[in-house]
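A short worksheet on the structure shown next.
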Amino acid sequence: MSKLIVPGGQPDENGRLLSITPELAGWEYVGFEAYRLEPGQTIEQETGDREVCLVLLSGLANVEAGGQSYERIGRRMSVFEPLAPYAVYVPAHDRFRLEAVTLTEVAVCSAPGQGRLEARLIPPEKIGVEQRGSGYTERTVRNILPEQEEAESLLVVEVFTPAGHWSSYPPHKHDQLDLPHESLLEETYYHKVSPGQGFALQRVYTDDLSLNETLAVKSGDAVLVPRGYHPVSAPPGYDVYYLNVMAGPVRTWKFHNDPQHEWLMTPGQEVPKR
């Protein structure tokens, strides 16, 4: 199996499905965990020197953070329901406790922080929803923690890609600190596929092809994107969801399209000849 795939599996005794640390990924910023909790099961963590965004992927939960309590948050029982999620921002040098009310799946997204901000609830009505692309590149994007909202390092977004469509497309990258043109952001993709026996395809590649992998990803797997372009395909018959977590030295998302495929951004443009 590719080193870029972190396989999902059955939950351990704490409900953890998978865990990505900067040390495991071989990078500096992004951390990610996914949990599936039975009713009454809890997660309690100190955030240390990292800020956290809890994303309620499915189910209902009670959350305590920063001296605040949020009761029975959550609104969807599957990531494939056409609804934005609830999320909770937790600053560095704080702690949180999450208790599942129903069968619950939650993502714990983290990146470096100094604790300058307050804990807060991010309700669905605060999450911007947009349709991106057209035709077979159309997909639904939900901006959970975009750069317009307060955080120190984290950027968090989820994407629904219908069967037969492509997303993160045309291929783009953000692996150089060359502002205002491009930012340097590490990224994880946490994939879900419906029906669950399906798969998604994701290619991760660089201009010089020193990194060039095409990955078959099953539901519950995560993909590491340390650098390079990273488009995703949802095969016919299978809808694909993914949760993106990004972070880097500057909290801004500035991407660079693959020049070979940028012509796709202009409908009707003649295909370039080589």
Side-chain angles (χ1 to χ4, degrees), residues 6-20 31-47 51-90 94-110 119-129 140-145 154 156-162 188-198 200 217-222 238-245:
V6 180
Q10 294 302 308
D12 65 15
E13 65 276 12
N14 298 311
R16 184 184 292 111
L17 295 164
L18 61 78
S19 178
I20 297 168
F32 180 81
E33 292 182 314
Y35 290 81
R36 184 184 302 138
L37 304 175
E38 297 292 334
Q41 197 169 10
T42 63
I43 315 168
E44 294 189 57
Q45 290 184 14
E46 302 276 352
T47 57
E51 64 179 356
V52 167
C53 183
L54 304 172
V55 181
L56 270 292
L57 299 174
S58 61
L60 303 177
N62 301 324
V63 178
E64 298 174 7
Q68 303 294 317
S69 295
Y70 309 108
E71 301 293 323
R72 296 181 66 86
I73 61 172
R75 66 190 305 223
R76 62 189 188 189
M77 296 296 111
S78 165
V79 296
F80 292 100
E81 294 182 29
L83 300 168
Y86 276 82
V88 177
Y89 174 82
V90 189
D94 205 328
R95 62 178 294 112
F96 67 84
R97 181 180 187 271
L98 182 147
E99 178 187 15
V101 175
T102 65
L103 181 65
T104 298
E105 187 164 347
V106 59
V108 182
C109 317
S110 70
R120 70 183 189 274
L121 178 68
I122 305 172
E125 57 268 23
K126 287 283 289 182
I127 292 173
V129 180
T140 302
V141 178
R142 303 184 184 105
N143 294 300
I144 298 166
L145 194 59
L154 276 170
V156 182
V157 63
E158 66 176 24
V159 178
F160 169 78
T161 308
T188 56
Y189 277 67
Y190 181 55
H191 288 274
K192 292 287 190 177
V193 182
S194 180
Q197 73 270 25
V217 185
K218 69 180 189 300
S219 190
D221 287 348
Y238 294 95
D239 294 329
V240 172
Y241 164 97
Y242 55 79
L243 180 70
N244 288 139
V245 183

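Quick note: numbers below take in every heavy atom, side chains included, and nothing from hydrogens, waters or symmetry partners.
For the residue pair Arg16/Tyr35, the side-chain donor-acceptor check at 3.5 Å is satisfied. Counting only N and O atoms by type, the side chains of Gln41 and Glu13 include no donor and acceptor under 3.5 Å apart. Using modelled atom types, one finds a donor on one side chain and an acceptor on the other under 3.5 Å when comparing Glu51 with Tyr89.
Remark: the backbone N or O of Val52 is not paired with any side-chain donor or acceptor of Ser110 at under 3.5 angstrom.
Side-chain contact check for Tyr70 versus Val88: some heavy-atom pair is nearer than 4.5 Å. The closest side-chain heavy-atom distance from Asp239 to Thr161 is not below 4.5 Å. Considering only heavy atoms from C-beta on, Tyr238 stays 4.5 Å or farther from Ser194 through its side chain. Inter-residue side-chain proximity for Lys218 and Pro7 is flagged as met; some heavy-atom pair is nearer than 4.5 Å. Side chains of Leu98 and Thr42 form no contact here, defined as non-hydrogen atoms less than 4.5 Å apart. In this structure the side chain of Leu56 reaches within 4.5 angstrom of the side chain of Ile73, judged on heavy atoms.
Nearest approach of Leu17 to Gly9, heavy atoms of both residues: CD2-O, 3.2 Å. Closest approach of Ile144 to Ala87, counting heavy atoms only: CG2-CB, 3.8 Å. Residues Ile127 and Pro85 come closest through the heavy atom pair CD1-O, 3.1 Å. Here the closest non-hydrogen pair linking Ala65 and Val90 is CB-CG2, 3.8 Å. Nearest heavy-atom pair across Asn14 and Asp12 is N-OD1, 2.8 Å. The shortest non-hydrogen separation linking Val108 to Phe96 is CG1-CZ, 4.3 Å.
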TODO: Could you go through the side-chain contact (heavy atoms from CB on, under 4.5 Å) check for Glu81 and Met77 one step at a time?
DONE: CA-CA 7 Å; Glu81 294 182 29; Met77 296 296 111; 3.5 Å; yes

Task: Derivation of the salt bridge (Lys or Arg N to Asp or Glu O under 4.0 Å) call for Glu158 and Arg76 - done: CA-CA 14 Å; Glu158 66 176 24; Arg76 62 189 188 189; 2.9 Å; yes

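With a 6.0 Å radius and a threshold of 12 heavy atoms from other residues, nucleotides or ligands, Arg72 has its CZ atom at or below the threshold. Counting non-hydrogen atoms of neighbouring residues, nucleotides and ligands closer than 6.0 angstrom, the CD atom of Gln10 reaches no more than 12 such neighbours. Remark: Lys126 NZ is loosely packed, at most 12 non-hydrogen atoms of other residues, nucleotides or ligands lying under 6.0 Å away.
Taking a cutoff of 4.0 Å between a charged side-chain nitrogen and a carboxylate oxygen, Lys192 and Glu105 qualify as a salt bridge.
Taken to the nearest 0.5 Å, the CG atom of Leu103 stands 7.0 Å off from the CZ atom of Arg36. Atom NE2 in His191 sits 8.0 Å away from atom CG in Asn244 (nearest 0.5 Å). Here the straight-line distance linking atom OG1 of Thr102 with atom CG of Leu60 works out to 4.5 Å at 0.5 Å rounding. Between Leu57 atom CG and Ser78 atom OG the span is 10.0 Å, to the nearest 0.5 Å.
Under the 30°/60° scheme for interplanar angles, the aromatic rings of Phe160 and Phe80 are found to stand perpendicular.
Aromatic rings from Tyr242 and Tyr190 are positioned such that their centres are separated by 6.0 Å or more.
A side-chain contact (heavy atoms from CB on, under 4.5 Å) with Leu145 is found for exactly one of Val156, Val55, Val245, namely Val156.
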